[in-house]
Protein chains: 2
Amino acid sequence: MELSVKVNDCKECIYRSWAFKNLSDDELKLINSRKKEKFFRKGELVCLEGDTVTSFLYLQTGLVKLYKTESNNREHIISIAKPMDFIGLLSIFSNTVHVYSITAIEDSIVCLVDLEVIKNLIKTNGVFAIDFFEKISKVADSVIKTRVDINTRQLRGRIAYILLHFSKHIYNSSKFNLPISRKEVAELIDMSTENVIRVLSEFRKDKIIQIEGKNIEILDIKRLEKIYDLG
Amino acid sequence: MELSVKVNDCKECIYRSWAFKNLSDDELKLINSRKKEKFFRKGELVCLEGDTVTSFLYLQTGLVKLYKTESNNREHIISIAKPMDFIGLLSIFSNTVHVYSITAIEDSIVCLVDLEVIKNLIKTNGVFAIDFFEKISKVADSVIKTRVDINTRQLRGRIAYILLHFSKHIYNSSKFNLPISRKEVAELIDMSTENVIRVLSEFRKDKIIQIEGKNIEILDIKRLEKIYDLG
DNA sequence: TATATATTATGATATATATCATAAGTGATA
DNA sequence: TATCACTTATGATATATATCATAATATATA
């Protein structure tokens, strides 16, 4: 179910990415006329793998997961995207269809801009083109880096990674509410659900973290960082 | 040691990527005047992680590996790039320094184009900007896809992947000379060297492949594909 | 050519991780 | 409220994978 949201004017939009800083007022107006802000309730699908890419997707608020559904119906999460991320990743250039499915894992607002408008601006405003490529490249580069970081570590290192990631890069707090289930954590960092639970319990017993359901508090960040560093 | 190579004029260059198809003769001339083709012998370093990115790097012939050196001095190969790939990946937009080191794993010719020239062309020729980003996005997307493909499979599936990859996408032949050592295969698909050797031997015993040192021939591609599909 | 070094190879063993089994807790829903 | 499905939890066991040990080749280097 898509609810209507307060409509932001691009020019005044507080969620606007720095990648749009070199657009003129007229260009922002153009985007404004061809964009739509959509609200997605936690759990709602934003787009499905295989859908035709017609819009540039920008996450204003909330959190979404990017994932693929394997042939055995298991999901494999590629990335958790945060506000200001270009959540369609490189598909807008590399493909005519979305490579990943996207689902909101928290109530989220996604701004959809007609892809043709973005491509035309890239063609006509060279400085914007460079800015835009810089931003999208950074997002994609960080996806690659994360995949490698995770897969070169073993279980404890992966759990440490995900805890530090949520704490430092998403919630900026040592205390946070994990937005995904242990099963989804498992799908994100390539391990079994049982082992996710087990390692979390281990960290709890070692007083590295405190757990109350989905509420997690990092008690000993130094040790967590050490576990992450050692792999 | 960099040897001089026959200098190709960009306009006539048989190695040119389709991403450059919408450049005028003058624009190609500009690139031509600011490019350098360098020969790298097998094993030679093309660039080092951390080096400032000053050129757009394009692989004309040969093969190179993109890798990171871990703190424990172990190498982790991110990707094997083939002719026509943009081997600097997204670093040219996302970073001022190279994120990966690059080394030739076969005698290779890399064309280095002054990055400023490329960026200026992106700014002034919008159609080229789109073409260029389509290409670079495809290369980067395929890196992500490959990482996921590898890490969602277990050992036999990974070896099957790498054999099929070399056969289908790099050499277009069921018979080929593996350009990297078993150790490097291990670094590429995240497994131990011993297990790479073991699984290859297993495949040999099962008459799926034939091995003579680095010379490999796929005898039963159907079974190899099945092993890959099953993970 | 001789020597050192790296690669390929295989078996034995240790370790990491997944799977299976079971149960308590939680949340959705009829 | 009662029922059902899902999540969290933990222990036991099976499996996958890495590591260790050793040796035979192959390759590089003095």
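Below, chain A is the first sequence line, B the second, and so on; all start at residue 1. No experiment lies behind these values; they were computed from the predicted model shown. The analysis underlying the following values was restricted to heavy atoms, covering all of them including side chains, and did not include hydrogens, waters or symmetry mates.
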Hey, is the side chain of [X] poking within less than 4.0 Å of OP1 or OP2 on [N], counting only N and O atoms?
| X | N | value |
| --- | --- | --- |
| A/S201 | D/dT10 | yes |
| A/K214 | D/dT8 | yes |
| A/R182 | D/dT7 | no |

B/S/- along nucleotides 19-30 of chain C (protein heavy atoms under 4.0 Å) is BB----------
Give the intermediate values and the outcome of salt bridge (Lys or Arg N to Asp or Glu O under 4.0 Å) for residues A/K35 and A/E37. CA-CA 7 Å; A/K35 72 111 168 51; A/E37 289 158 284; 3.5 Å; yes
In whole Å, I'd like the distance from the [atom1] atom of [X] to the [atom2] atom of [N].
| X | N | atom1 | atom2 | result |
| --- | --- | --- | --- | --- |
| A/E202 | C/dA16 | CD | C1' | 12 Å |
| A/N215 | D/dT8 | CG | C1' | 14 Å |
| B/R153 | C/dA18 | CZ | P | 17 Å |
| B/M191 | C/dT15 | CE | C1' | 17 Å |
| A/R156 | C/dT15 | CZ | P | 15 Å |
| A/L200 | D/dA9 | CG | P | 8 Å |
| B/E187 | C/dA6 | CD | P | 14 Å |
| B/I211 | C/dT8 | CD1 | C1' | 10 Å |

query = Heavy atoms under 4.0 Å, any strand shown: does B/R204 hit a base, just sugar-phosphate, or nothing?
reply =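 The answer is sugar-phosphate, as B/R204 gets under 4.0 Å only of primed atoms, P, OP1 or OP2.
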Open item on the list: In the structure I gave you, are the side-chain heavy atoms of B/I118 and B/I92 within less than 4.5 Å of one another anywhere?
Closed with: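 A side-chain contact is absent here, since even the closest heavy-atom pair is not under 4.5 Å.
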Where does the angle between the aromatic ring planes of A/F133 and B/F93 fall among parallel (under 30°), tilted (30 to 60°) and perpendicular (over 60°)?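 The rings of A/F133 and B/F93 stand perpendicular, inter-plane angle above 60°.
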Practice problem: If the plane angle is over 60° it's perpendicular, under 30° parallel, otherwise tilted; pick one for A/H165 and A/Y161. | Solution: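 It falls in the parallel class, under 30°.
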**Report entry** Minimum-distance nucleotide to B/I197 side chain [options: C/dT7, C/dT10, C/dT17]
**Finding:**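 Ranking C/dT7, C/dT10, C/dT17 by closest atom to the B/I197 side chain puts C/dT10 first.
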**Asked** How long is the span from the CG atom in B/L90 to the OG atom in A/S142, to the nearest 0.5 Å?
**Response**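 It comes to 11.0 Å.
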Requested in this report: To the nearest 0.5 angstrom, please state how far the CG atom of B/D141 sits from the CG atom of A/L89.
Outcome: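 Output value for this atom pair is 7.5 Å.
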message = Using the side chain to side chain contact (heavy atoms under 4.5 Å, CB included) definition, which of the options B/L178, B/I180, B/L188, B/I80 pairs with B/I162?
response =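 Passing option: B/L188.
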| Strand partner of D/dT3, provided both Watson-Crick or wobble distances fall under 3.5 Å |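 Looking at the geometry, D/dT3 pairs with C/dA28.
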